[in-house]
Amino acid sequence: MNEKARILHVIKTLKTVYGDAHIALKSKDPFQLLVSVILSAQCTDVRVNKVTPFLFEQFPDVRSMSEAPIEELEELIRSTGFFRNKAKNIKAASQIIIERFNGDLPLTMEEMITIPGVGRKTANIMLYNAFGVTAGIAVDTHVKRLARRLGMTSETDPNKIERDLMAIVPQKDWGKITYVLINHGRQICKARKPLCNKCPVQDACPSAKQFI
DNA sequence: CTCCCGATAT
DNA sequence: ATATCAGGAG
């Protein structure tokens with residue numbers, strides 16, 4: 001079995017095991033999803049889901065968020081970390097969305113990444129989950145770690161990892177592959193102590209023996 | 001490359 | 001005590 005066939009086998013197996021994998025961030029519309037994704041940087045989704053109910057109770061939409069006092073915003077999201085940057089970005093993003101996009105989120109990668117606090121990872125998550133648009137593959141810390149361990153890339157830069165993954169993963173799987181890898185990364189292929197003996201793709205993983 | 005940063009697992 | 005957690009900007 002060649003390298004490409006090995007990788008496709010890994011993807012197929014993980015898709016079967018984590019078939020119901022989906023976004024874990026709670027939101028009731030695209031704008032709330034954007035705020036949640038910005039908050040999720042270097043923070044667990046469980047923590048984000050704990051603060052957003054209180055945050056959206058005070059500032060439920062793009063209009064109210066654009067006028068939110070920065071100190072109140074900071075206090076409401078403090079526990080998610082990087083709270084000064086995140087508060088500043090969320091407010092600036094809200095103002096930009098109103099001024100440049102007439103209050104609605106843009107539907108293209110090009111426009112999406114002009115929003116403060118939004119890079120390719122956040123844009124990919126938004127386009128797929130809010131609008132069903134498949135522009136690329138969202139590379140977060142889990143996707144980066146797993147793609148490297150599973151031998152799908154040797155790069156460390158998220159943009160280069162995304163390019164490598166897009167060349168291997170069938171386009172119809174670009175949206176879902178992120179959640180498949182995230183779930184596998186949380187349950188089995190954990191950052192510190194990966195559970196290789198319980199891994200469904202152990203036999204096809206070039207990193208397995210190094211952790212056993 | 002560095003900085004931002006609190007919460008949690010190990 | 002320290003590594004890690006749905007990253008992005010300068």
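Values in this document were obtained by computation on a predicted structure and should not be read as measured data. Numbers restart at 1 for each chain; the letters A, B, ... are given by sequence-line order, proteins then strands.
Each of A/Lys86 and A/Lys50 has a nearest nucleotide on DNA chain B; the 5'-most of these lies closest to A/Lys86. Each of A/Gly117 and A/Lys190 was assigned the nucleotide of DNA chain C with the nearest heavy atom; the assignment lying further toward the 5' end belongs to A/Lys190. Each of A/Asp45 and A/Ile113 was matched to the nucleotide of DNA chain C holding its nearest heavy atom; the match closer to the 5' end belongs to A/Asp45.
Between C/dA6 and B/dA9, the distance separating the two P atoms is 12 Å to the nearest Å. B/dC4 and C/dT4 have their C1' atoms separated by 16 Å, with the value rounded to a whole Å. For the C1' atoms, the distance linking C/dG10 with B/dG6 amounts to 23 Å, nearest Å.
For A/Thr141, the listed nucleotide lying nearest its side chain is C/dC5; candidates were C/dA6, B/dG6, C/dC5. In the set B/dA7, B/dT10, C/dA6, the nucleotide with an atom closest to the side chain of A/Lys193 is B/dT10. Listed nucleotides B/dC5, C/dG7, C/dC5 differ in distance to A/Thr44; the shortest reach to its side chain belongs to C/dC5. Nearest to the side-chain atoms of A/Arg47 among the listed nucleotides C/dT4, C/dA6, B/dT8 stands B/dT8.
Distance A/Phe82 CZ to B/dA7 P: 13 Å, rounded to the nearest Å. Rounded to an integer number of Å, the gap from A/Leu25 CG to C/dA6 C1' is 6 Å. Rounded to whole Å, the distance from CZ on A/Phe83 to P on B/dC5 is 6 Å. The NZ atom of A/Lys88 sits 18 Å away from the P atom of C/dG7 (whole-angstrom rounding). Going from atom NZ of A/Lys176 over to atom P of C/dA6 covers 19 Å, rounded to whole Å. Rounded to whole angstrom, the span from the CG atom of A/Asp157 across to the P atom of C/dA9 amounts to 14 Å. Atoms NZ (A/Lys144) and C1' (C/dA3) sit 14 Å apart, rounded to a whole Å. As rounded to whole Å, 18 Å separates atom C1' of B/dG6 from atom CD1 of A/Ile38.
With no hydrogens or angles considered, a side-chain donor-acceptor pair links A/Tyr179 and A/Asn129 at under 3.5 Å. For the residue pair A/Thr108/A/Glu111, the side-chain donor-acceptor check at 3.5 Å is satisfied. Under the 3.5 Å distance criterion, with hydrogens and angles disregarded, a donor-acceptor pair is assigned to the side chains of A/Asn124 and A/Glu162.
Between A/Arg78 and B/dC5 there is no side-chain polar atom (N or O) within less than 4.0 angstrom of OP1 or OP2. Contact annotation: A/Thr122 side-chain N/O to C/dG8 OP1/OP2 distance is under 4.0 Å.
Atom CG of A/Leu150 sits about 6.5 Å away from atom CG of A/Leu14, to the nearest 0.5 Å.
At the heavy-atom level, A/Leu39 lies nowhere under 4.0 Å from the strands shown. Residue-level contact check: A/Ile125 touches neither bases nor backbone, having no heavy atom under 4.0 Å from any strand. Among the heavy atoms of the strands, none lies under 4.0 Å from A/Val143. Across all strands, A/Ala138 comes closer than 4.0 Å to no nucleic acid atom at all (heavy-atom distances). At a threshold of 4.0 angstrom between heavy atoms, the contacts of A/Arg145 are confined to the sugar-phosphate backbone, with no base atom among them. Nucleic acid contact class of A/Asn85 (heavy atoms, under 4.0 Å, all strands): base.
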**Request:** Before giving the answer on side chain to side chain contact (heavy atoms under 4.5 Å, CB included), spell out for A/Leu73 and A/Met65 the whole-Å C-alpha distance, their side-chain angles and the decisive distance to 0.1 Å.
**Result:** CA-CA 9 Å; A/Leu73 213 45; A/Met65 195 68 81; 3.6 Å; yes
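Side-chain N or O atoms of A/Arg148 include one that pairs as donor or acceptor with a backbone N or O of A/Glu155 at under 3.5 Å.
Judged by distance alone with a 3.5 Å cut-off, a donor-acceptor contact links the side chain of A/Arg192 to the base of B/dT10.
In terms of hydrophobic clustering, with Ile, Leu, Val, Met, Phe, Trp and Tyr side chains grouped at heavy-atom distances under 4.5 Å, A/Leu34 and A/Tyr128 are assigned to a common cluster.
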